[in-house]
Amino acid sequence: MKSILVTGGAGFLGSHLCERLLNEGNEVICLDNYFTGQKSNVVHLMNHPYFEMVRHDVTTPFFVEVDEIYNLACPASPIHYQYNPIKTVKTSVMGAINMLGLAKRIKAKVLQASTSEVYGDPEQHPQKESYWGHVNPIGPRACYDEGKRCAETLFVNYHQQNDVRIKIIRIFNTYGPRMHPHDGRVVSNFIVQALQGEDITIYGDGMQTRSFQYVDDLVEGMIRLMATPDDFTGPVNIGNPGEFTMLELAQKIIQKTGSKSKIVHMPLPADDPMQRKPDISLAKKVLDWEPKIALDEGLDKTIAYFKTIVG
Ligand code: NAD
Ligand code: UDP
């Protein structure tokens, strides 16, 4: 049995990861400050004898003896990470320093949940890990993008300077059950709006693209990356290369829910990336991983979930 710390474990992705790690027979310590996560995401795990919750903020040091650390703590939705941008930078940067310091001290392996946002509004398409990105350092998304970029730098520096065993995963847009219904991300927004018969809010002309991966595919990729030999650190892209415009996504969701909602257009937020699609050849080669769940199947599962929580 391994002992595993998951920071941000009460969030959307963290809760799925905790569940999977417990199912595989590990002991899981779930750390969260409940900024965007909720106890209800992990309430079904509370009676598990090898599951433990800790209320803690990663910007302050934390000490525990574990074999592995998955560092997911950070708000991920633009409205949440822009709510208190200074705190977002602190969470990424000081959170990384604290988790790397802990990993160094206890000789644990540590995985950083990085993001496709390190590529910014990309000029190379699809995005390979070797691409350095196109990020506005003073724009509204900078607190998240630059925080995550600095965290990657810290991970690599701790590896090179202190031999800390690190893994960096660059996660592309992920969706599924337990996304917060009001967290503002596009898949949850459109599904909630469609189920409630409200207007579907497309920002801009809706021709911007994203590649959406179902949460189970991501969790599989994370676990495979953690299990790689110590000389493989990443970064590695984990995402579904299927690329859709926001207009196509809205139309799919309207059709699947049978909704009478109308599409309305609202202003495009500043620095909103126009295109995004992962090149996953590295993940295929090193992790023998590729996504298994196509957008249609994943949307059906996600819509079924949202039907249980919104009327
Ligand atoms: P989420 O907002 O649901 O989860 C983040 C969790 O971190 C929440 O439970 C929140 O309360 C917690 N948290 C935030 N600040 C904290 C702090 N200072 N101390 C302790 N806990 C804190 O978001 P998510 O979609 O589950 O994302 C999880 C991670 O994956 C994030 O690091 C995010 O950047 C990364 N990521 C997600 C996506 C995606 O599409 N979902 C894409 C790329 C990267
Ligand atoms: N978006 C939209 N309507 C919404 C929410 C988001 O058209 O109600 C757009 C947003 O402008 C972006 C895309 O959907 O182009 C994905 O947004 P999200 O916040 O989910 O993720 P990110 O921009 O961080 O990839």
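Computed from a predicted structure; not experimentally measured. As the structure lists them, so they are numbered: ligands from 1, and atoms in each ligand from 1.
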Asks: Tell me the protein heavy atom at minimum distance from atom 24 (O) of ligand 2, and give that distance in Å.
Replies: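 So the nearest neighbour among protein heavy atoms is Arg141 NH2, 2.9 Å.
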
Asks: Which protein non-hydrogen atom lies closest to atom 17 (O) of ligand 2, naming both residue and atom, and how far is it?
Replies: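 So the nearest neighbour among protein heavy atoms is Val186 CB, 4.0 Å.
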
Asks: For ligand 2, indicate whether the residue Asn173 contacts it via side chain, backbone, both or neither (heavy-atom separation under 4.0 Å).
Replies: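 Asn173 to ligand 2: side-chain contact only, backbone stays beyond 4.0 Å.
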
Asks: Check for me whether Met179 has a heavy atom closer than 4.0 Å to any atom of ligand 1.
Replies: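 Checking ligand 1 against Met179, which is what was asked, there is no heavy-atom contact under 4.0 Å.
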
Asks: Looking only at heavy atoms, is any part of Tyr175 under 4.0 Å from ligand 1, and if so is it the side chain, the backbone, or both, or is it neither?
Replies: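 The answer is neither.
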
Asks: Counting only heavy atoms not in Tyr131, do more than 12 fall under 6.0 Å of its OH?
Replies: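 Buried by this count: over 12 neighbours within 6.0 Å.
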
Asks: Show the atoms of ligand 1 that are less than 4.0 angstrom away from any heavy atom in Ala73.
Replies: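 Near Ala73, meaning under 4.0 Å from one of its heavy atoms, ligand 1 has 7 (O), 20 (C), 21 (N), 22 (C).
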
Asks: Is there at least one pair of N or O atoms, one from Gln193 and one from ligand 2, spaced under 3.5 Å apart?
Replies: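 Such a contact does not occur with ligand 2.
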
Asks: Salt-bridge test for Lys87 and Asp57: reply yes if a basic N is under 4.0 Å from a carboxylate O, no otherwise.
Replies: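 So Lys87 pairs with Asp57 through a salt bridge.
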
Asks: Using a 4.0 Å cut-off to any heavy atom of Arg276, which atoms of ligand 2 qualify?
Replies: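 In order of numbering, the contacting atoms are 22 (P), 25 (O).
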
Asks: Among all protein non-hydrogen atoms, which one is nearest to atom 3 (N) of ligand 2, and what is the separation to 0.1 Å?
Replies: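 Answer for atom 3 (N) of ligand 2: Thr201 O, 2.6 Å.
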
Asks: Would you say Thr91 has any N or O atom under 3.5 Å from an N or O of ligand 1, going by distance alone?
Replies: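 N/O-N/O distance below 3.5 Å exists for this pair.
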
Asks: Can you sort out the partners of Tyr144 under side chain to side chain donor-acceptor pair (under 3.5 Å), two or more places apart, ordered by chain and number?
Replies: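 For Tyr144, no residue satisfies side chain to side chain donor-acceptor pair (under 3.5 Å) once neighbours in sequence are set aside.
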
Asks: Between Ser114 and ligand 1, which part of the residue brings a heavy atom under 4.0 Å of the ligand: side chain, backbone, both or neither?
Replies: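 Contact part for Ser114 vs ligand 1: backbone (N, CA, C, O).
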
Asks: Is there a nitrogen or oxygen of Tyr81 sitting under 3.5 Å from a nitrogen or oxygen of ligand 2?
Replies: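 Min N/O separation from ligand 2 is not below 3.5 Å for Tyr81.
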
Asks: Mind checking whether Gln208 contacts ligand 2 via backbone (N, CA, C, O), side chain (CB onward), both or neither, at a 4.0 Å heavy-atom cut-off?
Replies: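 It is the side chain that touches ligand 2; the backbone stays farther off.
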
Asks: Between Leu72, Asp32, Asn173, which one has a non-hydrogen atom sitting closest to atom 29 (C) of ligand 1?
Replies: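 Looking at heavy atoms only, the winner is Leu72.
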
Asks: As a check for students: among Ala76, Cys74, Pro75, identify the option with a heavy atom nearest to atom 5 (C) of ligand 1.
Replies: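 Selected option, by shortest heavy-atom distance: Cys74.
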
Asks: By side chain to side chain donor-acceptor pair (under 3.5 Å), which residues pair with Gln208, not counting sequence neighbours?
Replies: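 For Gln208 there are no side chain to side chain donor-acceptor pair (under 3.5 Å) partners, ignoring immediate neighbours.
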
Asks: Taking only heavy atoms of Lys148 into account, list the atoms of ligand 1 that are under 4.0 Å away from them.
Replies: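 Near Lys148, the atoms of ligand 1 are 31 (C), 32 (O), 33 (C), 34 (O).
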
Asks: Could you pull out, from Asn71, Val215, Asn33, the option with a heavy atom nearest to atom 21 (N) of ligand 1?
Replies: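 Closest candidate by heavy-atom distance is Asn33.
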
